[in-house]
Amino acid sequence: MGFGKGHHLHLIDGSAFIFRAYHALPPLTRKSDGLPIGAVSGFCNMLHRYVEANTGADAPTHVAVIFDKGSHTFRNDMYDQYKANREEMPEDLRPQIPLTRRATEAFNIACKELEGYEADDIIATLAVQAREAGGRVTIISSDKDLMQLVGGGVEMLDAMKNTRIDREGVFEKFGVYPEHVVDVQALAGDSVDNVPGAPGIGIKTAALLINEYGSLEELLDRAEEIKQPKRRQTLIDHREQIELSKKLVTLDDKTPIDFTLDDLEVKEPDPEVLMPFLTEMEFRTLTKRLADQLGVEAPVIEATVQAPGDAPEEPETVPFDKATYTRVGDRDALQGWIEKINERGYVAVDTETTGLNEMIADLVGISLCVEAGEACYIPLTHRAESGEGLFGSDELAEGQMPLDEAIALLKPVLEDPAVLKIGQNMKYDAKIFARYGIDVAPIDDTMLISYAQHAGLHNHSMDSLSERYLGHTPIPIKPLLGSGKSAITFDKVKIEDAVAYAAEDADITLRLWQTLKPRLHVAGTTKVYERMERPLVPVLAQMERHGIKVDRDTLSRMSNAFAQKMAGLEAEIHELAGETFNVGSPKQLGEILFDKMGLEGGKKGKTGAYATGADVLEDLATTHDLPARVLDWRQLSKLKSTYTDSLQEHINPDTGRVHTSYSIAGANTGRLASTDPNLQNIPVRTEEGRRIREAFVAEPGNVLVSLDYSQIELRILAHIAGIDALKEAFRDGQDIHAATASEMFNVPLDEMTPDVRRQAKAINFGVIYGISGFGLARNLRIPRAEAQGFIDRYFERFPGIRDYMDATKSFAKEHLYVETLFGRKIHTPEIGAKGPRAGFAQRAAINAPIQGTAADIIRRAMIRMPDAIEGKPAKMLLQVHDELLFEVAEDGVDDLIATAREVMEGAADPAVKLDVPLIVDAGRGANWAEAH
DNA sequence: CCTGTCACG
DNA sequence: GACGTACGTGACAGGG
C-alpha cells in the first residue's frame with residue numbers, strides 16, 4: 001500500500017544539522033589519523049537523539065534526510081549573485097560532508113540529494129507529494145525559506161527549540177500566511193542568500209503591502225497608487241529585481257526525483273552496518289550506547305595515543321608498496337576514481353610534466369591518492385618506445401586515455417568547492433592545470449603546511465618531509481630521467497616506471513597531509529597558514545602566468561655595449577699586469593695583484609686563494625689603476641652575464657614576456673624569493689645598472705606603476721620596540737635618518753649635513769640587522785672604536801632598542817623561535833650555539849621579527865589586491881619585498897594608485913593596530929626605470 | 001658540486 | 001679574553 005492517509009513523513013534538513021553540529025562542537029579529530037570529525041560526531045548524536053525521540057505514538061512512518069548537492073543550482077543561472085556572499089566552507093568541515101551521508105545511511109535512514117537542486121527544493125517536492133496523497137508532513141528545520149510549505153498537514157519543527165510551526169506560527173513570523181510568504185520574501189529580500197528584494201523594504205513593510213493589495217503581482221501592477229512617494233518609486237524602479245527575487249525564493253516542488261515516498265519508509269538501524277561505521281569514526285561513547293540499545297556486543301576501539309607535541313608520529317602502519325598503485329588507462333577506470341574522490345571530499349594530486357618550467361612544460365600524466373597506499377597514475381602523453389633511431393618516437397604509447405577526455409572528466413572534481421585538492425607545492429600544479437583550462441580550488445599544500453609550522457627548522461621539499469615524517473625515502477627521479485646531456489623528459493619514461501614514481505608522490509603527499517595538517521593547530525600557526533600562505537598560491541600563480549614584458553632589443557644593445565667596454569678594460573688590465581690572464585678568475589687575479597705586483601694587504605682565505613672581493617679591490621684602487629679597472633670590468637661582467645644576456649633567454653617565445661617563479665617557502669622570514677629568473681635583484685643602485693630596468697616595459701597604451709612601502713622595517717622596529725621618538729618622527733612625516741642623526745648628535749635638522757645623515761642611516765639599518773661595532777665600522781669605513789661609540793650613543797638615546805634586542809634574544813633562547821606581529825614563527829635552533837655561530841643566530845633572531853612582519857604585511861596586501869582591483873584595467877606583475885609593480889591602462893593609473901595604495905597602507909588592519917602609519921610611495925612610467 | 005662574487009631589499 | 005661578525009635572498013663563473 002502506498003503513502004497516504006494515516007502516514008506521517010519526516011523531512012530532515014541535512015545541511016542545517018551539519019552546520020549546527022559543526023558550530024556546537026570543538027574541532028575534534030580522529031585519534032588515529034587526525035581526520036577532523038567534530039561535525040560528524042555532532043551529526044550522529046543529533047540523529048541518535050532524533051531516533052530516540054521519535055519512537056512513541058506520534059512516530060513517523062516515513063523519514064528522509066535531505067542534502068544540498070553541488071554549489072551551482074538553477075538559481076545561479078537566473079542570478080549569478082545568488083548566495084555569492086556566502087563564506088567559504090570551513091576547511092576542516094569539508095572532508096566531513098561525505099561522512100555525514102555515510103552516517104545517515106548507517107542509521108538506516110534514507111539519504112537523498114539531487115544535483116543542481118537545493119535541499120529545500122527536494123523537501124518542497126516531497127512535502128507537496130505527501131500532502132496530495134493525504135498524509136502528514138513534519139519538516140525538521142528552522143529555515144524560514146521552508147515556511148512557504150506549511151499548511152494542509154505540513155508543519156515545521158525546530159529541533160533545537162522543540163517548537164512546532166503551523167500556519168499561525170508562520171503568520172507570527174512573516175505577518176502573512178504561508179501562501180504569501182514568497183511575496184513578502186521577494187520584497188524584503190534576504191541578505192543571507194543575497195536575494196536583492198526591494199531596497200528599503202523589510203518584512204514588516206512587505207507584509208503590510210501584501211495584506212493591503214492581496215498579492216505581489218497586484219501590488220506591482222498598482223504600485224502607482226501607493227501614497228508614500230519613496231516606497232512608490234522603489235517598487236516602480238525595482239520591479240524586475242523584485243520579480244527575480246520572487247523566483248529565487250520560490251521553492252521548486254517539481255524536482256525530478258528518482259524515488260517515491262514509499263522508498264522512505266522508516267527502518268530499524270542494522271547493527272551490522274551501524275557499528276562498523278561508528279567504530280571507524282572512533283566514537284567511543286556513542287558506539288557503546290547504541291550497542292546497548294540494539295542489544296549487541298560493543299566493538300573494541302583501539303586506544304591509540306597521539307604522539308605528543310612535535311615528536312614524529314608512529315611509523316606508518318600501511319607500508320609503501322608500488323604494487324598497490326594502479327594505472328588508469330580508460331574512461332571507466334577514471335570515473336571510478338572520481339567517485340571515490342567525491343565520496344571522500346579530498347584527494348592528493350600530482351602532475352607529471354615535460355619540465356620544471358610550468359609556463360613551458362606540457363602535461364604528461366596525473367596521479368591521485370585518496371587513502372594511504374591507495375593511489376593511481378593516469379598516463380596521458382607518454383611516447384611509445386622507439387624501435388630504432390636516437391630520438392624517441394613521436395607516437396603516443398598504448399593504453400592511455402585521450403588527454404582531452406581526462407581533462408574533461410577531472411575538471412568538475414578539481415574545481416568542485418566541496419572537494420579539497422591536496423598537493424606538494426600546489427602552485428606548480430595549479431599553473432599547469434590553468435593552461436588546460438582548469439582552475440583548481442580549493443587547495444591545501446603540504447609544503448606550506450610544513451613551512452607555516454617549521455620555518456627555520458628544515459626545508460620543506462617532499463623528499464625531506466617524507467624522510468622526516470614518514471620515514472620513507474621517495475623513489476628518486478634521477479634514474480628515470482638520467483642526467484646531463486642524455487637526460488630525457490618524463491614523457492619518454494616507461495609508463496610502468498612512471499606509475500611507481502608518480503603514484504608514490506601522490507601517496508606521500510596524502511600521508512604528509514594527514515600527518516602535518518593536524519599539527520598546525522599544535523604549533524599555533526593555523527591562521528598563518530590559512531591567511532598568509534595558502535591564499536597567496538592563486539595570487540602568485542596569476543602574477544607569474546601574466547609575466548612582464550621585456551624588450552629584447554634594448555637588452556641586446558646593452559649587451560653589445562658592455563662587451564665592447566669589457567674588451568677595452570681587459571686590454572688595459574693585461575697591459576698593466578704585463579701579461580694576459582683571466583680577469584674573471586679571482587685566483588689568477590689574486591696572484592697577479594699580491595704575488596707578481598707585490599701589493600700589500602693580501603689575505604688568503606680558507607681555500608688558500610687571495611681574497612679579491614670588492615672591498616679589498618676598493619682599498620687597493622686608491623693607489624693603483626689595475627684593481628680599479630677590475631672593479632669596472634666586474635660590474636660590467638655581472639650586468640652582462642646575469643642581466644642583459646640571460647634575461648633574453650628567459651623571454652617566453654609564446655608570450656614575449658618574462659615569467660619568474662616565486663617560492664613561498666623559500667625564505668625563513670616569510671619573504672618571497674624569486675627564481676628563474678630572479679626579478680627581485682634587477683640593478684638599481686648604479687646608473688649603469690639601473691638602465692637595465694628600461695628594458696622592462698608596459699604594453700602599448702599601458703604604463704608600469706610601482707608602489708613601495710616607505711621605510712617599512714624601521715616603522716615596524718619603532719612599533720615593536722616601542723620607541724616613542726621614532727614613532728613621533730614617523731607620525732610627523734619627518735626624514736627618519738635625519739631625525740635619528742639630530743637626536744644622536746644633537747644637530748638641529750636645518751644644520752644637518754649629508755654625511756652625518758648617512759652615518760645615522762647606516763646605524764638605523766644596522767639596528768635592523770642586529771648591529772655590531774665591527775659590522776658598522778666596515779660599512780662606514782671608520783675605526784671600530786668610533787663605530788662602537790656611535791652604537792653606544794644610539795642605545796643611550798633609544799634605550800628601547802637595546803631592551804627589544806635583549807628581550808628577543810631571551811625569547812628565542814626560551815622558545816627556540818621568534819615571532820612576527822602576525823604570529824608567523826621563525827625557528828632559531830642555533831640560538832644556544834657556542835662560538836661564532838651564536839652571534840649569527842642572535843642577529844638573525846633580532847632581524848627575523850622585523851623582516852618577517854614586513855613580509856607578512858605585503859603578503860596581506862597581495863592577497864587582498866585581486867579583489868580590490870577586480871574589473872580595473874590593471875594587473876599586478878611583480879613583488880620586490882617592499883614594492884609591488886603593476887601594468888595599468890593609461891587612463892586607469894590614478895584610480896589604480898589610489899586603490900592599491902589604500903590596500904597596502906591598510907594591510908596590517910584589522911589584525912594589528914600599528915602605532916606608526918604605513919606610507920606607500922608611487923611612481924609611473926613607460927618602463928620600470930621611470931616607474932621606480 | 002662548492003666557493004667567491006655581486007645584484008637586490 | 002678571543003673569536004669572527006652586520007639580516008634575508010639567487011645567479012653566475014671558475015675550478016676542483
Side-chain angles (χ1 to χ4, degrees), chain A residues 455-456 483 581-590 604-617 630-631 633-647 649-650 660-663 666-686 688-690 692-693 708-709 711-714 717 762-780 784 787-788 791 805 818 826 828 833-852 854-855 858 878-883 932:
Chain A
S483 64
F581 68 102
N582 185 347
V583 182
S585 163
K587 185 166 171 269
Q588 295 179 31
L589 176 65
K604 293 195 176 178
K606 50 192 157 197
T607 54
Y610 289 110
T612 66
D615 48 347
V616 177
L617 297 190
V630 173
L631 281 169
W633 182 91
R634 277 201 184 154
Q635 192 199 0
L636 295 174
S637 164
K638 178 76 175 181
L639 295 178
K640 183 170 185 290
S641 66
T642 310
Y643 301 105
T644 56
D645 284 352
S646 82
L647 271 176
E649 311 285 313
H650 279 100
T660 184
S661 178
Y662 289 101
S663 39
N668 289 337
T669 52
R671 273 199 180 176
L672 300 180
S674 162
T675 63
D676 308 302
N678 182 353
L679 294 186
Q680 289 181 322
N681 72 345
I682 302 302
V684 71
R685 289 172 186 171
T686 67
E688 210 151 25
R690 184 158 57 240
I692 290 169
R693 295 187 174 220
D708 69 291
Y709 284 107
Q711 308 289 3
I712 187 165
E713 293 193 351
L714 272 178
L717 174 70
I763 298 169
N764 275 335
F765 279 107
V767 166
I768 292 171
Y769 299 146
I771 199 159
S772 78
F774 184 93
L776 183 65
R778 200 173 65 169
N779 192 284
L780 284 177
R784 200 174 144 180
Q788 192 57 53
I791 293 169
M805 292 174 126
V818 292
I826 297 115
T828 56
K834 295 272 173 274
R837 291 192 312 183
F840 272 120
Q842 287 171 12
R843 289 191 297 273
I846 288 164
N847 174 259
I850 303 168
Q851 188 181 115
I858 197 165
L878 300 179
Q879 188 250 42
V880 193
H881 309 307
D882 66 355
E883 171 189 7
H932 185 80

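Remember, it's a predicted structure, so these values are computed and weren't measured experimentally. Note that these values count all heavy atoms, side chains included, but never hydrogens, waters or copies made by symmetry. Here is the naming used below: chain letters follow the sequence lines, and residue numbers restart at 1 for every chain.
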Of the listed C/dC7, B/dG4, B/dA7, the closest approach to the A/P586 side chain comes from B/dG4

Could you tell me whether A/Q588 contacts a base, only the sugar-phosphate backbone, or nothing, with contacts defined as non-hydrogen atoms closer than 4.0 Å? sugar-phosphate

With a cut-off of less than 4.0 Å, is there a side-chain N or O of A/R671 near OP1 or OP2 of C/dG8? no

Can you tell me which nucleotide in B/dG9, C/dG8, C/dT5 comes closest to the side chain of A/R843? C/dT5

What is the nucleic acid contact for A/G839, judged by heavy atoms within less than 4.0 Å: base, sugar-phosphate only, or nothing? nothing

N/O donor-acceptor pair under 3.5 Å between A/R693 side chain and A/P683 backbone: yes

Base, sugar-phosphate, or nothing for A/G770, non-hydrogen atoms under 4.0 angstrom? nothing

Would A/R843 count as a cation-pi partner of A/F840, with NZ or CZ less than 6.0 Å from the six-membered ring centre and within 45° of the ring normal? yes

Do the side-chain N or O atoms of A/R685 get closer than 4.0 angstrom to the phosphate oxygens (OP1, OP2) of B/dG9? yes

A/T612 side chain N/O closer than 4.0 Å to the phosphate oxygens (OP1, OP2) of B/dT5? yes

Partner lookup for C/dC3, please. Criteria are Watson-Crick or G-U wobble with both distances under 3.5 angstrom; report none if nothing qualifies. none

Base, sugar-phosphate alone, or nothing: which one does A/A854 contact when heavy atoms must sit under 4.0 Å apart? nothing

Hey, does the side chain of A/N668 come within less than 4.0 Å of C/dG8's phosphate (OP1/OP2), counting only N and O? no

Just checking A/A838: base, sugar-phosphate only, or nothing, at a heavy-atom cut-off of under 4.0 Å? nothing

Phosphate-side-chain proximity, A/R634 and B/dC6, N/O vs OP1/OP2 below 4.0 Å: yes

Any N or O donor-acceptor pair under 3.5 Å from the base of C/dT5 to the side chain of A/R784? yes

Respond yes when some side-chain nitrogen or oxygen of A/S585 is under 4.0 Å from OP1 or OP2 of C/dA13, and no when none is. no

Tell me what A/N678 touches on the nucleic acid: a base, only sugar-phosphate, or nothing, going by heavy atoms under 4.0 Å. sugar-phosphate

Can you tell whether the side chains of A/E688 and A/K638 come within less than 4.0 Å, N to carboxylate O? no

Would you mind classifying the nucleic acid contact of A/D882 as base, sugar-phosphate or nothing, using non-hydrogen atoms under 4.0 angstrom? sugar-phosphate

Scan A/I850 against the nucleic acid and name what it touches under 4.0 Å (heavy atoms): base, sugar-phosphate only, or nothing. nothing

